[in-house]
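Right, one structure below, let's go through it.
Sequence lines set the chain letters: A, B, ... in the order given, protein chains first and strands last, and positions in each chain run from 1.
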Number of protein chains: 2
Amino acid sequence: MSVATLVGRSSTGNRILDVAEVLFAQRGYAGVGMREVADGVGLGKSSLFHHFKSKDELYSAVCVRILDTIGDRLVRSLARGGTPGVRLERCVGELVDVLAGHPSYARLLLRSMFEGDDLPDEGPESEAVHRSIEGITGPVEALLTDGMDAGEFRRASASHVVLLLVGLVVFPFASGEFGEELLGADVFEGAQVERLKSESLNLVREGLRARV
Amino acid sequence: MSVATLVGRSSTGNRILDVAEVLFAQRGYAGVGMREVADGVGLGKSSLFHHFKSKDELYSAVCVRILDTIGDRLVRSLARGGTPGVRLERCVGELVDVLAGHPSYARLLLRSMFEGDDLPDEGPESEAVHRSIEGITGPVEALLTDGMDAGEFRRASASHVVLLLVGLVVFPFASGEFGEELLGADVFEGAQVERLKSESLNLVREGLRARV
DNA sequence: GTCTATAATAGGATAGAC
DNA sequence: GTCTATCCTATTATAGAC
């Protein structure tokens with residue numbers, strides 16, 4: 001179904017999503033007007049409403065596309081097997097690579113969590129977002145539990161650790177100027193990405209290892 | 001100077017800040033209108049412009065007040081002495097307490113980092129925010145470096161680790177519905193806060209400990 | 001310090017021609 | 001599928017009475 005989501009849209013629809021993704025990531029749901037999106041695509045404002053019947057629907061479509069892209073890669077990465085420790089590290093590395101390769105992703109992901117108050121909680125779009133999220137957090141939480149049961153990870157609350165890990169991995173790539181000033185370099189530069197990846201992996205590896 | 005910021009405003013000014021803080025945290029800069037703030041305070045819209053000459057200025061004032069409140073507590077906490085490990089853990093615990101005690105803080109902090117594109121980079125307000133941030137990250141980064149030099153923490157890039165720590169500690173309290181569904185409970189509930197605090201402390205302690 | 005009134009602009013969304 | 005024109009509402013901000 002996630003594959004259908006990725007290919008089941010016209011080329012104009014995808015161009016709209018491309019433009020909207022960048023804008024929503026930069027300025028958030030309320031900060032972006034349909035006119036600005038239309039200008040970016042090279043269309044009149046009204047034409048957008050032919051492809052997406054409301055701003056809400058456009059925003060949700062952007063979120064679902066990102067979540068499915070990330071979800072597909074993570075699930076594939078997890079399926080490649082290995083011990084829980086190996087799989088977790090591969091998974092964190094993969095997530096860093098996706099976020100580093102798509103500068104809009106981290107911001108839009110975090111923003112979408114904050115803007116839940118601004119958007120309808122019900123409706124089919126919201127449920128699609130929901131399913132996509134659970135398709136990611138579910139397997140990761142299960143992986144942590146497996147690692148604890150196997151004695152590879154120390155005992156901890158898997159769900160709380162997942163929450164911490166999301167912040168740990170995603171936030172740096174959403175931190176913008178804050179991160180840039182802290183590091184003295186663009187967060188998306190190759191060297192910074194590798195540094196962030198290795199520091200994240202070290203923190204996760206050592207932080208979750210069972211004491212000997 | 002941060003003390004002056006905290007007391008150097010009329011009671012009406014502070015009431016406006018209280019209302020604006022909650023609204024900006026919920027819906028972001030662009031998502032909140034001056035009218036909504038005015039209604040919340042019980043004033044006419046125009047009266048707000050007597051206290052803050054623009055929406056930008058109001059938003060910056062909200063950010064600076066939060067940053068100074070957090071900064072004051074962190075700096076005080078750090079000044080209480082101890083080994084780097086002890087001080088870092090006290091610092092993380094204190095930060096968790098502040099964020100848990102003020103549900104608007106984490107969201108507004110993260111949002112303010114994303115909305116840098118939406119607001120002027122120059123000007124006195126932006127510089128005040130800047131100073132407040134450096135007053136927090138500077139001491140923490142120095143603490144990490146001290147711990148590494150003392151052989152208590154493993155070698156790592158202090159600045160990159162600070163970025164990870166901010167995400168790790170701040171994000172959960174900004175995660176809203178996402179965190180709520182993941183944990184199956186309100187993130188700000190006493191038991192959840194304690195769980196998040198202890199899991200954060202464990203991850204930081206084990207994750208930064210020098211190998212023996 | 002707070003108010004009413006107003007300016008000037010932009011917002012989301014729809015109707016209907018082509 | 002895209003366009004122009006339009007509707008209605010909301011936006012930030014200012015002017016000036018009280």
Side-chain angles (χ1 to χ4, degrees), chain A residues 7-63 111-112 115-126, chain B residues 7-24 26-63 111-112 115 117-126:
Chain A
V7 298
R9 213 179 289 274
S10 71
S11 77
T12 305
N14 278 317
R15 274 171 51 227
I16 294 172
L17 288 177
D18 292 339
V19 172
E21 178 180 297
V22 174
L23 291 173
F24 281 136
Q26 280 176 345
R27 285 194 290 290
Y29 178 79
V32 176
M34 294 297 265
R35 161 159 197 173
E36 198 178 357
V37 178
D39 286 351
V41 185
L43 285 176
K45 187 176 57 159
S46 301
S47 303
L48 257 56
F49 289 92
H50 173 80
H51 296 271
F52 301 92
K53 71 171 179 290
S54 72
K55 187 185 180 183
D56 273 21
E57 198 182 275
L58 172 58
Y59 185 77
S60 294
V62 169
C63 291
R111 285 199 120 113
S112 72
E115 313 199 285
D117 295 348
D118 217 357
L119 295 164
D121 277 5
E122 308 296 326
E125 296 100 29
S126 164
Chain B
V7 299
R9 212 179 291 272
S10 73
S11 77
T12 305
N14 278 317
R15 273 170 51 227
I16 295 172
L17 288 177
D18 292 340
V19 171
E21 179 180 296
V22 174
L23 291 174
F24 281 137
Q26 281 176 343
R27 284 194 292 287
Y29 177 80
V32 176
M34 294 295 265
R35 158 154 200 179
E36 199 178 357
V37 178
D39 285 351
V41 184
L43 284 177
K45 189 177 52 162
S46 301
S47 303
L48 288 191
F49 289 92
H50 174 81
H51 296 271
F52 300 91
K53 70 170 180 291
S54 71
K55 188 185 179 181
D56 273 21
E57 198 182 276
L58 173 58
Y59 185 78
S60 294
V62 169
C63 291
R111 284 199 121 112
S112 73
E115 311 199 287
D117 296 348
D118 217 357
L119 295 164
D121 277 5
E122 307 296 326
E125 296 101 29
S126 163

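Not a single donor-acceptor pair under 3.5 Å links the side chain of A/Lys45 to the backbone N or O of A/Asp39. Between the side chain of A/Arg15 and the main chain of A/Ser10, no donor-acceptor pair closer than 3.5 Å is present.
For DNA chain D, the residues of residues 39-54 of chain A within the heavy-atom distance limit of 4.0 Å (strictly under) are A/Leu43, A/Gly44, A/Ser46, A/Ser47, A/His50, A/His51, sorted by number. Annotation: proximity of residues 55-63 of chain B to DNA chain D (heavy atom, distance under 4.0 Å) is found for B/Lys55, numbered in ascending order.
No engagement by B/Val37 is indicated, since no non-hydrogen atom pair under 4.0 Å with the nucleic acid exists.
Qualifying ring-ring contact (aromatic ring centres under 6.0 Å, His included) partners for A/Tyr59, counting only residues two or more places apart in sequence or in other chains: A/Phe24, A/Tyr29.
The CZ-C1' distance, from B/Arg9 to C/dG1, rounds to 16 Å in whole Å. Separating the CG atom of A/Asn14 from the P atom of D/dG1 is a distance of 12 Å, rounded to the nearest angstrom. Rounding to whole angstrom units, OH of residue A/Tyr29 and P of C/dG11 are separated by 13 Å. In this structure, the CE atom of B/Met34 is 19 Å from the P atom of C/dG11, given to the nearest Å.
For the residue pair B/Phe52 and B/Glu57, the shortest heavy atom distance occurs at CA-OE2, 3.6 Å. Among all heavy-atom pairs drawn from B/Val62 and B/Glu21, the shortest one is CG1-CA, 3.7 Å. Between A/Ala61 and A/Arg9, the closest heavy-atom pair is CB-NH2, 3.9 Å.
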